[in-house]
Amino acid sequence: MKVIASSIRKGNVIEQDGKLYVVLTAENIHPGKGTPVSQIEMRRISDGVKISERYKTTDQVEKATIEDQNFSYLYKDADGFHFMNTDNYDQVQVPEDVIGSAAPYLQENMAVKLSIHGATPVAIQMPQRATLEVVETEPVTKGQTASSSYKPAVLSNGVRTAVPPHISTGTRIVVMTEDGSYVERAKD
């Protein structure tokens with residue numbers, strides 16, 4: 001589907017020279033003199049290479065048709081990450097470079113959205129939060145107030161984060177999947 005360059009937004013997938021690119025940033029620049037342009041930074045889905053392109057805002061760009069579908073995470077093996085479509089129970093295998101920084105937060109049966117182009121998964125949308133257990137942190141110091149002094153902790157998925165002083169080893173906490181930051185103590 002052809003669209004004008006100025007309508008491209010972050011997260012869109014565009015097709016160029018027979019390859020798919022996911023848009024990381026898209027900015028429309030209107031100089032005082034000259035032609036307005038669209039500066040688009042994107043990552044090639046096939047090999048992860050980042051490129052930057054500049055188009056006239058009226059240039060036609062091929063926007064790939066992407067379908068977001070609901071999947072449930074099953075397991076990881078040497079071939080990649082395996083998910084099951086929750087509508088038709090089809091299973092797909094997703095390579096590690098598509099999952100990227102979301103990998104440590106995937107938990108069995110976790111509901112995610114996969115962006116599919118044709119039959120190929122090209123991107124993943126994680127739930128905003130995940131519940132994990134603190135496996136290592138400094139002991140609670142008596143008399144320490146719950147000030148803004150967070151202490152380092154290691155979670156059950158191996159990610160390092162910072163937690164409030166009252167959190168101890170073995171406590172289940174809720175973290176943001178985007179950056180691993182502490183949200184609250186788990187209510188279970």
At their closest point, which heavy atom of P31 faces which heavy atom of P36, and how far apart are they?
CD-CA, 3.9 Å
Hey, does the side chain of Q16 reach the backbone of Y21 with a donor-acceptor pair shorter than 3.5 angstrom?
no
Is the shortest side-chain heavy-atom distance between M84 and Y89 below 4.5 Å?
yes
Is there a path of hydrophobic side-chain contacts, each under 4.5 Å between heavy atoms of I, L, V, M, F, W or Y residues, that connects Y75 with F83?
no
If I compare all heavy atoms of A186 with all of T131, which pair ends up nearest, and what's the gap?
CB-CG2, 3.6 Å
Looking only at heavy atoms, the pair that brings H82 and G80 closest together is CD2-O, 3.5 Å
If you group Ile, Leu, Val, Met, Phe, Trp and Tyr by side-chain heavy-atom gaps below 4.5 Å, do M126 and V94 land in one group?
yes
For S38 and T57 the tightest heavy-atom approach is OG-CG2, 3.6 Å
Kindly give the heavy-atom pair with the smallest separation between T161 and S181, and that separation in Å.
OG1-CA, 3.9 Å
Least distance between heavy atoms, I167 atom then K151 atom
O-NZ, 2.9 Å
Evaluate I14 against V3 for side-chain contact (heavy atoms from CB on, under 4.5 Å), listing each step before the verdict.
CA-CA 10 Å; I14 59 178; V3 297; over 6 Å; no
Is there a chain of hydrophobic side chains (I, L, V, M, F, W, Y, each step under 4.5 Å between heavy atoms) that links V134 to Y182?
yes
So T58 and T35, side-chain contact (heavy atoms from CB on, under 4.5 Å) or not? Walk me through it.
CA-CA 10 Å; T58 54; T35 315; over 6 Å; no
Report, as yes or no, whether the 6.0 Å neighbourhood of atom CD on Q128 holds more than 12 heavy atoms from other residues, nucleotides or ligands.
no
Say whether, by atom type as modelled, one donor and one acceptor occur between the side chain of E41 and the main chain of I51 under 3.5 angstrom.
no
Answer whether the closest heavy-atom distance between the side chains of N28 and H30 falls below 4.5 Å.
yes
How long is the gap from CD1 on I66 to CG on L114, to the nearest 0.5 Å?
11.5 Å
Please tell me whether V112 and L74 are part of a single hydrophobic cluster in this structure, the criterion being side-chain heavy atoms less than 4.5 Å apart.
no
Say you draw a straight line from CZ of R185 to CZ of R172; how long is it, rounded to the nearest 0.5 Å?
12.5 Å
Any N85 side-chain heavy atom under 4.5 Å of V92 side chain
no
Does CD belonging to E178 count more than 12 external heavy atoms closer than 6.0 Å?
no
Could you check if a side-chain atom of I124 sits within less than 4.5 angstrom of a side-chain atom of F71, using non-hydrogen atoms only?
no
Counting N and O atoms only, with roles assigned by atom type, does the side chain of N157 sit under 3.5 Å from a partner on the main chain of V159, one being a donor and the other an acceptor?
yes
Membership question, hydrophobic clusters at under 4.5 Å side-chain separation (ILVMFWY): are Y55 and I4 in the same one?
no
Quick one: does L20's side chain get under 4.5 Å of H117's, heavy atoms only?
yes
Look at the aromatic rings of F81 and Y73 and report parallel, tilted or perpendicular, splitting at 30° and 60°.
tilted
So do the side chains of L132 and Q107 get within less than 4.5 Å of each other, counting heavy atoms only?
yes
Taken to the nearest 0.5 Å, the spacing of K2 NZ from E15 CD works out to 9.0 Å
Looking at CZ of R160 and CD of E136, how far apart are the two atoms once the value is rounded to the nearest 0.5 Å?
6.5 Å
Would you compute the distance between atom OG of S52 and atom CE of M42 and round it to the nearest 0.5 angstrom?
8.0 Å
From Q39 atom CD to R54 atom CZ, the distance as rounded to the nearest 0.5 Å:
4.5 Å
T86 backbone acceptor or donor facing S72 side chain under 3.5 Å:
no
Main-chain N/O of V23 paired to N12 side chain as donor or acceptor, under 3.5 Å
no
